[in-house]
> 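Structure provided below as structure tokens; questions to follow.
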Amino acid sequence: MIAAAAKIENLDRSSEALPLLSVRSLTRTYGTRIGCADVSFDIWPGEVLAIVGESGSGKTTLLNCISTRLEPTSGTISYRMRDGEMRDLYQLGEAERRHLLRTDWGFVHQNPADGLRMTVSAGANVGERLMAVGQRHYGRLRATATDWLGRVEIDAGRIDDQPRAFSGGMRQRLQIARNLVTAPRLVFMDEPTGGLDVSVQARLLDLLRGLVNDLGLAVIIVTHDLAVARLLSHRMLVMKDGRVVEHGLTDRLLDDPQAPYTQLLVSSILQV
Ligand SMILES: Nc1ncnc2c1ncn2[C@@H]1O[C@H](COP(=O)(O)OP(=O)(O)OP(=O)(O)O)[C@@H](O)[C@H]1O
């Protein structure tokens, strides 16, 4: 097990260090139903934040609001752009927002088919993101795609195969390569190991942990699996009925949960 305190050592949380993303009083309702309510947190460069909670607790709603896929009902989300300026995400123009989504951010979906183009080759799936940041040279695109396939443990001989010919685990690894090839600063992950066999999950988690550390990525990962949160994240937000019931360093929170709901969640995994 990796201790969160050790993982967070390299993070610059000094007073001069500024957050990459700040969420304040974020609320999203669906009619009279609460999706998420009054959520506030910051995330720093290179930090992994896990959002955990049972089904219906508001994890997906929160992730979709932060990644500008779903408009909040109220509250603000600010992001530090590459020029250092903190901008309100919902005040960005459409072109700026699309540029962020295609270059500075990644989004790893639970179902790889939602994040891949299933009928173009694996190499093109990776190369396409590079073309979005202006790379055009075919030889270089192919060389980078080959390198990235290797990094996610896909045989270079499969570069011309379409992802529909890949296993679930390979598809997920390809989706990760497609997202990371542009060196994003922030990656959203929605249950990235959900729906995979346990042994495939373990291998993918190991790979993800290595890439996140090597690249110094900031990650916001939604999971209902506390073992995934323990392995990958520095900090955790625990949600229930759309609200944050506990927020803190992962190891502290899992070893000494304070909120009754977190105590219940932790004790339920200890019993299996
Ligand atoms: N499109 C929608 N219309 C109405 N209510 C919605 C909609 N999407 C989500 N909700 C409600 O918002 C609340 C939070 O749902 P959300 O999907 O964010 O939870 P979750 O923690 O991601 O659940 P799961 O782990 O099952 O995906 C739930 O009560 C849900 O019924």
Side-chain angles (χ1 to χ4, degrees), residues 2-28 35-53 57-92 96-97 100-101 103-108 183-190 212-213 215-223 228-230 232-240 242-254 257-259 262:
I2 306 288
K7 282 182 290 182
I8 212 160
E9 246 171 38
N10 296 331
L11 293 174
D12 184 2
R13 296 283 295 273
S14 59
S15 54
E16 307 91 68
L18 295 163
L20 186 62
L21 182 95
S22 287
V23 176
R24 292 290 175 271
S25 308
L26 184 74
T27 296
R28 165 72 200 207
C36 65
D38 200 22
V39 177
S40 299
F41 66 89
D42 292 327
I43 182 166
W44 274 262
E47 189 178 31
V48 181
L49 176 76
I51 302 172
V52 305
S57 57
K59 306 181 296 293
T60 305
T61 300
L62 178 59
L63 191 73
N64 285 341
C65 286
I66 302 166
S67 57
T68 71
R69 299 153 63 87
L70 182 69
E71 191 153 358
T73 309
S74 61
T76 57
I77 309 163
S78 322
Y79 181 68
R80 184 163 302 283
M81 308 294 275
R82 283 195 188 251
D83 65 5
E85 196 188 342
M86 209 69 184
R87 300 278 304 276
D88 182 333
L89 285 179
Y90 283 88
Q91 300 296 323
L92 293 180
E96 287 176 306
R97 196 182 73 86
L100 265 189
L101 284 168
T103 62
D104 218 24
W105 289 358
F107 199 114
V108 177
R185 292 189 302 155
L186 177 61
V187 180
F188 304 99
M189 298 185 185
D190 189 3
V212 166
N213 280 340
L215 301 171
L217 295 175
V219 177
I220 300 180
I221 179 170
V222 158
T223 181
V228 170
R230 166 85 92 179
L232 287 182
S233 71
H234 302 112
R235 273 192 300 138
M236 280 172 63
L237 280 183
V238 182
M239 297 192 65
K240 182 177 191 304
R243 294 178 188 275
V244 175
V245 293
E246 194 161 354
H247 177 194
L249 287 179
T250 299
D251 283 357
R252 199 282 298 151
L253 199 146
L254 291 177
Q258 301 295 308
T262 319

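Quick note: numbers below take in every heavy atom, side chains included, and nothing from hydrogens, waters or symmetry partners.
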> Test side chain to side chain donor-acceptor pair (under 3.5 Å) on R28 and T61; report intermediate values, then the result.
CA-CA 7 Å; R28 165 72 200 207; T61 300; over 6 Å; no
> Set out, in order, the CA-CA distance, both residues' side-chain angles and the distance that settles side chain to side chain donor-acceptor pair (under 3.5 Å) for T27 and T73, then state yes or no.
CA-CA 6 Å; T27 296; T73 309; over 6 Å; no
> Any donor-acceptor pair under 3.5 Å linking the side chain of R97 with the backbone of T68?
yes
> Which heavy atom in A259 sits nearest to a heavy atom in V245, and how many Å separate them?
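Smallest heavy-atom distance, with atoms named: CB-O, 3.7 Å.
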> Restricting to non-hydrogen atoms, name the atom on N64 and the atom on F107 that form the minimum distance, rounded to 0.1 Å.
OD1-CZ, 4.2 Å
> For a quick check under 3.5 Å, do D88 and Y79 share a side-chain donor-acceptor pair by atom type?
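Absent: no donor and acceptor within the cut-off.
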> Between CZ of R80 and CG of L21, what distance do you get to the nearest 0.5 Å?
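Those atoms lie 10.5 Å apart.
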> Ignoring hydrogens and geometry, is there a side-chain-to-backbone donor-acceptor pair from T250 to H234 under 3.5 Å?
yes
> So does V238 get a backbone contact from the side chain of E246, meaning a donor-acceptor N/O pair under 3.5 Å?
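Between the backbone of V238 and the side chain of E246 there is no qualifying donor-acceptor contact (under 3.5 Å).
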> Please report the closest heavy-atom contact between P72 and Y90, naming both atoms and the distance.
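Heavy atoms only, the tightest pair is CD-CZ, 3.3 Å.
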> Quick check against the 3.5 Å criterion: does S67 have a side-chain atom that pairs as donor or acceptor with the backbone of L63?
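Between the backbone of L63 and the side chain of S67 there is a qualifying donor-acceptor contact (under 3.5 Å).
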> Does G58 offer a backbone N or O that forms a donor-acceptor pair with the side chain of R243 under 3.5 Å?
no
> Between the main-chain N or O of G53 and the side-chain N or O of K59, is there a donor-acceptor pair closer than 3.5 Å?
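At least one qualifying donor-acceptor pair exists.
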> Taking atom SG of C65 and atom CD1 of I77, what is their separation to the nearest 0.5 Å?
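Atom-to-atom, C65:SG and I77:CD1 are 6.0 Å apart.
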> Taking all non-hydrogen atoms of both residues into account, name the closest pair between I66 and F188 and its distance.
CG2-CE2, 3.7 Å
> How far apart are the C-alpha atoms of D42 and R24, what are their side-chain angles, what is the distance that settles it, and do they pass the salt bridge (Lys or Arg N to Asp or Glu O under 4.0 Å) test?
CA-CA 9 Å; D42 292 327; R24 292 290 175 271; 2.9 Å; yes
> Any donor-acceptor pair under 3.5 Å linking the side chain of S40 with the backbone of S25?
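Checking the backbone N and O of S25 against the side chain of S40, a donor-acceptor pair under 3.5 Å is found.
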> To the nearest 0.5 Å, tell me how far R185 CZ sits from I43 CD1.
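So the CZ of R185 and the CD1 of I43 are separated by 12.0 Å.
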> Would you say the side chain of L20 lies within less than 4.5 Å of the side chain of W44, judging by non-hydrogen atoms?
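Contact flag for W44/L20 side chains = no.
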> What is the minimum heavy-atom distance between L253 and G248, and which atoms define it?
CD1-N, 3.5 Å
> Using side-chain heavy atoms (C-beta onward) and a distance below 4.5 Å, is M236 in contact with L49?
no
> Considering only heavy atoms from C-beta outward, does the side chain of V228 approach that of I221 to under 4.5 Å?
yes
> Is the NZ or CZ atom of R235 both under 6.0 Å from the centre of the six-membered ring of F41 and within 45° of that ring's axis?
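R235 over F41 ring: no.
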> Return the minimal non-hydrogen interatomic distance between P184 and V187, and the atom names on each side.
CG-CG2, 3.7 Å
